[in-house]
Every structure is written in structure tokens, then in C-alpha cells.
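Every number for a ligand or one of its atoms is a count from 1 in the order of the listing. Just so you know, these numbers use all the heavy atoms, side chains as well, and skip hydrogens, waters and symmetry mates.
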Amino acid sequence: NSVREGLGVFLQNVKDFVSTCCFSGMKALLVEDSKLQRHFISGLLKKSGVTPICMENIESAMDLLKSGSYVPDIVLIDYFFGSGKTSGEFVNFLKKDYNFKNIPIIAMTVSDDREVRNSLFYTGVNDFFHKPFDVEEFYLRLRAHLLNKILLDDMEKTNKLLQLQAITDGLTGIYNRRYFYETLSKEDSRFRRTKEPYSVILFDIDHFKRINDRFGHILGDEVIKEISSIARSLTRESDTVARYGGEEFIILLPETDCNGAYTLAEKLRKTTESAVFKGISARITSSFGVACISETRCSEKLVNLADERLYQAKNMGRNRVVG
Ligand code: GH3
Ligand code: MG
Ligand code: MG
Ligand code: MG
Ligand code: MG
């Protein structure tokens with residue numbers, strides 16, 4: 001039969017297969033009620049480097065996935081189960097869960113019924129392996145699905161990275177100006193709904209040109225990074241700390257009034273003033289402008305007001321907070 005024929009070319013194919021693919025570390029969930037089949041298919045999977053977890057019924061496979069502790073790279077599932085159940089329920093369950101959206105589902109059955117086959121495709125399986133297998137075909141199909149899975153995972157990873165890069169400042173790792181404005185707009189909508197005031201702190205390192213001139217750009221960059229992390233460490237998780245420009249930073253403080261924002265700015269001012277920076281034998285200070293939405297009622301004017309106050313702080317001799 002075809003399994004035996006397949007086995008004839010099996011060893012060479014497995015060798016080629018394993019040498020051209022790198023599936024070690026990939027995980028397969030095998031749901032199959034026949035012990036013999038489980039043993040045979042899991043053996044094939046292991047030879048390709050794929051690590052199988054075998055389940056003999058739909059319920060235990062579903063429990064495993066629901067636990068969240070296991071996310072396979074591929075699911076191979078039998079069609080008929082001894083209990084009279086078919087795999088449809090399980091396929092539906094997989095298809096509904098966003099976490100499993102990239103996982104190829106392979107249905108396996110001895111049935112030649114086209115209705116069975118088509119209904120499986122309708123429920124969302126990606127492929128259909130007819131039992132008994134042609135081993136070579138099994139591996140070729142397996143490879144096609146796993147390569148596709150790797151590609152999807154890579155794309156997802158790249159997308160996430162790009163999304164993160166789009167909102168992050170490259171030097172400091174804090175948010176960028178774009179993200180600040182996105183968050184400001186959301187915070188402003190929330191303010192209109194809840195009337196809970198929010199504030200911003202805009203601050204700028206004093207005479208930073210001199211720091212660069214005296215100690216060089218590299219150390220200047222380090223100062224910018226260090227001040228970002230000071231700002232990060234003194235604020236809450238719910239605050240948004242962003243690099244507004246070269247040596248200028250902005251902080252969005254939800255649920256914070258003028259007093260709260262002023263207090264934090266003062267704390268930041270004192271902390272940066274007394275901080276010691278590696279390789280820099282000079283005191284570094286910053287000037288701060290603070291404004292609260294209850295003063296302007298408009299988010300655009302809010303940033304302008306903070307900017308005007310920062311400018312005042314500079315004119316009044318720097319190293320101070322104007323709020
Ligand atoms: P002020 O107190 O008025 O703010 O004086 P200042 O010298 O800090 O302000 P100015 O705007 O004249 O100069 C800002 C300096 O910050 C000049 C610029 O080279 C430097 N700078 C901006 N971005 C970076 C950066 O990413 N790295 C370094 N090392 N320096 C930067
Ligand atoms: Mg069965
Ligand atoms: Mg300036
Ligand atoms: Mg400056
Ligand atoms: Mg500046």
C-alpha cells in the first residue's frame with residue numbers, strides 16, 4: 001500500500017527534508033484517537049525535527065489550548081473520533097481564537113467522501129491528508145505548511161517591531177513626539193467625557209550646546225539618555241514620557257491637576273540638577289513649563305502654554321519650573 005511505497009523512499013526523503021528545513025523547535029499538536037496512528041504520525045513528525053504533543057480526544061486537546069500554556073505551530077487532527085464526534089467543533093474553536101490565527105490545521109481522515117472533505121475546508125482547515133499517507137507527500141505538505149507558518153510569524157514579528165519603532169525615539173527608547181500627540185488626543189477625548197483634568201510638563205536641558213562643546217556629542221547623547229530614564233523612573237506607568245525634540249522632553253500626566261504636575265516637575269528639576277553624569281564634570285540643569293487642561297480647555301493651546309512657560313523659565317534664569 002501507499003504507506004509501504006512511501007517508506008521505500010522514506011529514509012532518503014527524510015534526510016533531504018531535515019537537511020533543507022529547520023523545523024527543530026517547532027511544535028505540532030496531534031489529535032488522533034487511534035493509538036497506532038498516533039504512534040506512526042508522531043514518529044514521522046519527530047524525524048523531521050518537529051516536536052509533537054499527542055492527544056487522543058478533542059476534549060483534552062481543547063483543554064490544553066485553553067490553558068494558554070501551549071501554542072502549537074501546526075495542528076494535525078483526525079476526523080472521526082470513537083466517541084462519535086468529528087473534528088468540526090475543534091476546528092471552529094481554533095478559528096475563533098485570534099491567538100491561533102496563524103496555525104495551519106491539517107485534517108486527516110480515511111474517508112473518501114467529498115462532502116466530508118469539503119465541509120472540513122468550509123470550517124477552515126488549511127489542508128487535508130488522506131489516510132493512509134503517502135509518506136513523501138506527508139512530508140512535502142508538512143514542509144509547505146510549516147514554511148508558511150514561519151513566514152507568517154516573521155511577518156507578524158516585523159510588523160510589531162515596525163509599530164514599536166514608529167512610536168519610539170531611537171536614541172532614548174522613550175516615546176517620540178508622534179506618539180505623544182496620539183496619546184494627547186486620546187487623553188483629551190477622555191477629559192471631555194470625564195472632566196478629569198490632565199497636565200503636561202515640557203522641559204529642556206539648559207545650555208546643552210555648551211555641554212556638547214565641552215564634552216563632545218557622544219557624552220551629550222548619554223546625558224539625553226540618562227535624563228530620559230530619570231523622567232521615566234519618576235513618573236507613573238500611565239504617564240507618557242516622550243522626546244519632543246533634541247534636548248527637549250514632554251510628559252503627559254493623566255488625572256493630574258496643576259499642583260500635581262508642578263510637584264512632579266519640581267522633583268524632576270531637583271533630580272536632574274543633582275544627578276552625576278559619567279564623564280561630565282559639570283552640573284546639568286533643566287527648565288520646565290507646566291500647564292493643565294483646566295487652564296486652556298484645548299489640547300493644542302495646552303502645549304503652547306507649557307512652551308510659553310518653558311520660555312519664561314529660561315528667561316528667568318533657567319533651572320526652574322514655571323506653572
Ligand atoms: P537653552 O538653555 O536655551 O536651552 O540652551 P541650549 O544650548 O540647550 O539650547 P539650543 O537650542 O541653543 O541648543 C540645543 C543643543 O542641543 C544644540 C544641539 O546640538 C543639541 N542637541 C540636540 N539634539 C541632540 C542630540 O541628540 N544629541 C546631542 N549630543 N546633542 C543634541
Ligand atoms: Mg479516528
Ligand atoms: Mg533653546
Ligand atoms: Mg536647551
Ligand atoms: Mg531646545
Side-chain angles (χ1 to χ4, degrees), residues 161-185 198-235 239-253 256 258 261-293 295-296 299-323:
L161 188 70
L162 290 176
Q163 275 170 15
L164 190 68
Q165 280 175 351
I167 61 170
T168 307
D169 170 61
L171 177 71
T172 60
I174 60 175
Y175 291 117
N176 60 19
R177 192 183 180 122
R178 174 198 304 184
Y179 185 77
F180 168 79
Y181 278 109
E182 269 176 35
T183 314
L184 179 66
S185 142
Y198 65 91
S199 300
V200 297
I201 299 173
L202 185 65
F203 71 101
D204 181 292
I205 306 174
D206 295 330
H207 297 305
F208 198 62
K209 225 179 169 74
R210 295 183 195 164
I211 303 288
N212 274 326
D213 291 347
R214 240 180 105 185
F215 304 101
H217 249 84
I218 309 273
L219 285 180
D221 282 359
E222 291 305 314
V223 170
I224 290 175
K225 284 201 242 178
E226 190 55 44
I227 288 183
S228 304
S229 85
I230 289 172
R232 209 61 213 93
S233 69
L234 294 182
T235 48
D239 300 335
T240 300
V241 179
R243 189 166 176 206
Y244 199 67
E247 23 75 87
E248 213 169 328
F249 305 86
I250 196 157
I251 306 175
L252 177 68
L253 305 159
T256 307
C258 301
Y262 189 93
T263 307
L264 174 63
E266 190 55 33
K267 199 161 144 193
L268 265 165
R269 188 193 64 75
K270 282 193 187 129
T271 310
T272 41
E273 177 191 43
S274 56
V276 179
F277 299 90
K278 211 173 149 209
I280 307 239
S281 54
R283 199 176 64 150
I284 293 178
T285 61
S286 298
S287 300
F288 298 75
V290 174
C292 179
I293 192 65
E295 299 176 279
T296 63
S299 59
E300 230 169 276
K301 284 184 190 154
L302 176 69
V303 178
N304 289 340
L305 181 60
D307 193 37
E308 280 164 29
R309 288 174 174 168
L310 166 58
Y311 188 75
Q312 284 170 29
K314 292 279 184 190
N315 283 337
M316 289 163 71
R318 295 178 174 79
N319 191 22
R320 69 195 61 216
V321 178
V322 174

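Residue contacts with ligand 1: Gly220 is placed with no nitrogen or oxygen under 3.5 Å of a nitrogen or oxygen of the ligand (distance criterion only). Taking distance alone, with nitrogen or oxygen atoms compared against 3.5 Å, Arg210 stays at or beyond that limit from ligand 1. Any N or O atom pair closer than 3.5 Å counts here, and Phe208 shares at least one such pair with ligand 1.
We find the CG-CD1 distance between Leu162 and Ile167 to be 12.0 Å, quoted to the nearest 0.5 Å. To the nearest 0.5 Å, atom CD1 of residue Ile205 and atom OG1 of residue Thr285 are 9.5 Å apart.
By the 4.0 Å N-to-carboxylate-O rule, Arg177 lies too far from Asp169 to be salt-bridged with it. Using a 4.0 Å cut-off between charged nitrogen and carboxylate oxygen, Glu295 and Arg309 count as a salt-bridge pair. In this structure, Arg243 does not pair ionically with Glu248, as no charged nitrogen and carboxylate oxygen lie closer than 4.0 Å. Salt bridge status for Lys270 with Glu273: absent, with no side-chain N to carboxylate O gap under 4.0 Å.
Contact atoms of ligand 1 toward Gly246: 22 (C), 23 (N) (distance under 4.0 Å to a heavy atom of the residue). Every atom of ligand 1 with a heavy atom of Ile224 under 4.0 Å away is listed here by number and element: 24 (C), 25 (C), 26 (O), 27 (N), 28 (C). Residue Ile205 has at least one heavy-atom neighbour below 4.0 Å for each of these atoms of ligand 1: 2 (O), 4 (O), 8 (O). Set against the non-hydrogen atoms of Lys314, the atoms of ligand 1 under 4.0 Å away are 1 (P), 2 (O), 3 (O), 4 (O).
Taking a 4.0 Å cut-off on heavy atoms, Lys225 fails to register as neighbouring ligand 1.
The closest donor-acceptor contact from the side chain of Thr168 to the backbone of Gly170 lies at 3.5 Å or more, if one exists at all.
Looking only at its N/O/S atoms, Asp204 has OD2 as the one nearest to the Mg ion (ligand 5). Restricting Glu247 to its N/O/S atoms, the shortest distance to the Mg ion (ligand 4) is reached by OE1.
At a cut-off of 2.8 Å, Phe208 is not counted among the residues with an N, O or S atom near the Mg ion (ligand 4).
Checked against the 6.0 Å centroid criterion, the rings of Phe249 and Phe203 qualify as a close aromatic pair.
By heavy-atom distance, the residue among Arg318, Glu247, Arg243, His207 lying nearest atom 26 (O) of ligand 1 is Arg243. Comparing Ile211, Thr172, Asn212 by heavy-atom distance to atom 21 (N) of ligand 1, the nearest is Asn212.
Here the closest non-hydrogen pair linking Ser287 and Arg318 is OG-CA, 3.2 Å.
Residues Asn319 and Arg269 have side chains that bring a donor and an acceptor to within less than 3.5 angstrom of each other.
At a 4.0 Å heavy-atom cut-off, ligand 1 does not touch Val223 at all. Contact annotation for Asp204 and ligand 1: only side-chain heavy atoms (C-beta onward) come within less than 4.0 Å of the ligand.
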